[in-house]
Amino acid sequence: MARKIGLFVLAVTMIGALCGAALAGDTLADVKKKGVLVAGVKDSLPPFGSVDPQTKDFVGYDIDFVKYIAKKLGVKVEYKPVTSANRMPMLMESRVDLLAATMTKNPERAKQIDFSYTYFLTGQKFLTKKGTVKSLKDLEGKKIGTAKGSTSEQNVKKSVPSTTVLSFDDYPQGVLAVQQGKVIAVTTDESILAGQLGKLEKNPATKGQYEIPDITISAEPYGLGMRKGDTNFVKFVNDTLLEMEKNGEAKKIFERWFGPNTDSPINRGKFKITADRMGLE
Ligand code: GLU
């Protein structure tokens, strides 16, 4: 009897596993078949994902990882802009195959989607008008901007509960709100804020007026997002990241967007950067 029950349990488990695999689909096979990898990326967050004003091409750190993965698959890439709030639904509804969108991997999100190995690490900070914020105390009771659906939104509510958080579709709108005095700060990953500060620094009208104070409230490891249980694709992407780490491509991409020859404010020595290319784990 016990043996029969054991067999029954085994059969049910196997059927369950097969159904799970069927539900998740096989993106690796699908992408090869259709000849295109549809990637959900940010379109206004240099140096991760933005549109080159001259060429109109998507460019950035996230984009370069997508390009390498597509090349290895032997397929073309189609980029679809995503926001922090809509990226998980876009993936789960199969409107994109992969997310490469400044996305922090955490246990809560990992209940709904799968993540690759970490391919970037940063931490959450604030961008403010110069001299207005020295510590978290200066933010108490104030309005702060961030993006809807981000970890930044959750973290700031925990770190400074007395603030009013204004959540925008994306961070450039938060930066505008700082410029207009509607919020005291915009908060998100330092690596993103550095890109926004870079834009302000390039503009003679705003140059020298903004800063990222040395206040970090979280660690944000980025992972590429894939559908839950899409095992073949997750393995392929992780193997590709390992290959990129070994053959120096990951380092090259890091240097291209954050290295000493870039104009990233990270390298101007004006503030300490916590962002770094991570060993894969
Ligand atoms: N990395 C954080 C997150 O995944 C903030 C950046 C973003 O909103 O994409 O939520």
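In what follows, residues are counted from 1 in the order of the sequence shown. Reckoned from all heavy atoms, side chains included, excluding hydrogens, waters and symmetry mates. Here the structure is a predicted model, which is why all the values come from computation and not from measurement. We count ligands from 1, going down the list as the structure has it; atoms in each ligand are counted the same way.
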Got a list of side-chain donor-acceptor pairs under 3.5 Å for residues 66-76, not counting sequence neighbours?
unit_1, atom_1, unit_2, atom_2, d
Y68, OH, E243, OE2, 2.5
Y68, OH, N247, ND2, 2.9
K72, NZ, E243, OE1, 2.9

Let me check something: any side-chain donor-acceptor pairs from residues 162-169 under 3.5 Å, sequence neighbours excluded? List them with distances.
unit_1, atom_1, unit_2, atom_2, d
S162, OG, G141, N, 3.0
T163, OG1, V160, O, 2.9
S167, OG, E153, OE2, 2.5
D169, OD1, K148, NZ, 3.1

Can you say whether the rings of F120 and Y222 are parallel (under 30°), tilted (30 to 60°) or perpendicular (over 60°)? tilted
Do K42 and D62 meet the salt-bridge criterion of a basic N to acidic O distance under 4.0 Å? no
Tabulated below should be the N or O atoms of ligand 1 paired with protein N or O atoms at under 3.5 Å; can you produce that?
unit_1, atom_1, unit_2, atom_2, d
ligand 1, 1 (N), T102, O, 2.8
ligand 1, 1 (N), T104, OG1, 2.7
ligand 1, 1 (N), D189, OD2, 2.6
ligand 1, 4 (O), R87, NH2, 2.9
ligand 1, 4 (O), T102, O, 3.4
ligand 1, 4 (O), T104, N, 2.9
ligand 1, 4 (O), R109, NH1, 2.9
ligand 1, 8 (O), S84, OG, 2.6
ligand 1, 8 (O), Y171, OH, 2.5
ligand 1, 9 (O), K42, NZ, 3.1
ligand 1, 9 (O), S84, OG, 3.4
ligand 1, 9 (O), R87, NH1, 2.7
ligand 1, 9 (O), T102, O, 3.2
ligand 1, 9 (O), T102, OG1, 2.6
ligand 1, 10 (O), R87, NH2, 3.0
ligand 1, 10 (O), R109, NH2, 3.0
ligand 1, 10 (O), T151, N, 2.8
ligand 1, 10 (O), T151, OG1, 3.2

Which pairs count as side chain to side chain donor-acceptor pair (under 3.5 Å) when at least one residue sits in residues 45-54, sequence neighbours excluded? none
Nearest 0.5 Å, please: how far is CD1 in I144 from CG in L139? 4.5 Å
